Amino acid sequence: MNGKLKAEIDLTNNKKMYVIKDGRLIEHDLPEYGEISVIVLGGKVDRLETTNKRKI
């Protein structure tokens, strides 16, 4: 094995976002309305901050 891991994701699902951190694939569901900020610390993703909004 060459040290690489493989994962399979569904490219037809527009309601998900994926982050790779420390060799793990992390799946994040997107809100209907809102914003997601990717916070980077030391060149790596530290956290995702989601702001939910509701359209009325």
Side-chain angles (χ1 to χ4, degrees):
M1 185 170 165
N2 59 8
K4 294 183 182 181
L5 301 175
K6 293 184 180 184
E8 188 172 316
I9 61 173
D10 182 1
L11 297 177
T12 63
N13 187 346
N14 292 331
K15 297 194 179 252
K16 299 235 182 245
M17 181 174 75
Y18 298 93
V19 175
I20 300 168
K21 182 176 181 179
D22 298 327
R24 296 183 303 130
L25 181 66
I26 302 166
E27 183 179 291
H28 184 75
D29 293 319
L30 299 176
E32 284 296 318
Y33 297 95
E35 299 174 354
I36 297 176
S37 298
V38 178
I39 310 303
V40 178
L41 184 64
K44 292 183 178 182
V45 175
D46 181 59
R47 65 186 179 276
L48 302 175
E49 293 182 354
T50 303
T51 303
N52 290 320
K53 298 183 180 185
R54 185 175 60 169
K55 187 173 182 178
I56 53 173

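A quick note: this is a predicted structure, and the numbers were derived from the prediction, not measured.
- Linking ILVMFWY side-chain heavy atoms closer than 4.5 Å, directly or via other members, places Val19 and Leu30 in a single hydrophobic cluster.
- Around the CD1 atom of Ile20, the shell of radius 6.0 Å holds no more than 12 heavy atoms that belong to other residues, nucleotides or ligands.
- If you chain together hydrophobic residues whose side chains sit under 4.5 Å apart, Val38 and Leu41 never meet in one group.
- For Lys15, the salt bridge (Lys or Arg N to Asp or Glu O under 4.0 Å) test picks out Glu32, with sequence neighbours left out.
- For Asp10, the side chain to side chain donor-acceptor pair (under 3.5 Å) partners two or more places apart in sequence, or in a different chain, are Thr12.
- Ser37 places none of its side-chain heavy atoms less than 4.5 Å from the side chain of Thr51.
- Note that CG of Leu5 and CZ of Arg24 are 12.0 Å apart. Values are rounded to the nearest 0.5 Å.
- With sequence neighbours left out, the side chain to side chain donor-acceptor pair (under 3.5 Å) criterion links Lys16 to Glu27, Asp29.
- Taking both residues in full, the closest heavy atoms of Lys21 and Asp46 are given as NZ-O, 3.8 Å, listed atom of the first, atom of the second, then distance.
- Atom-to-atom distance recorded for Met17:CE and Ile26:CD1 is 10.0 Å, nearest 0.5 angstrom.
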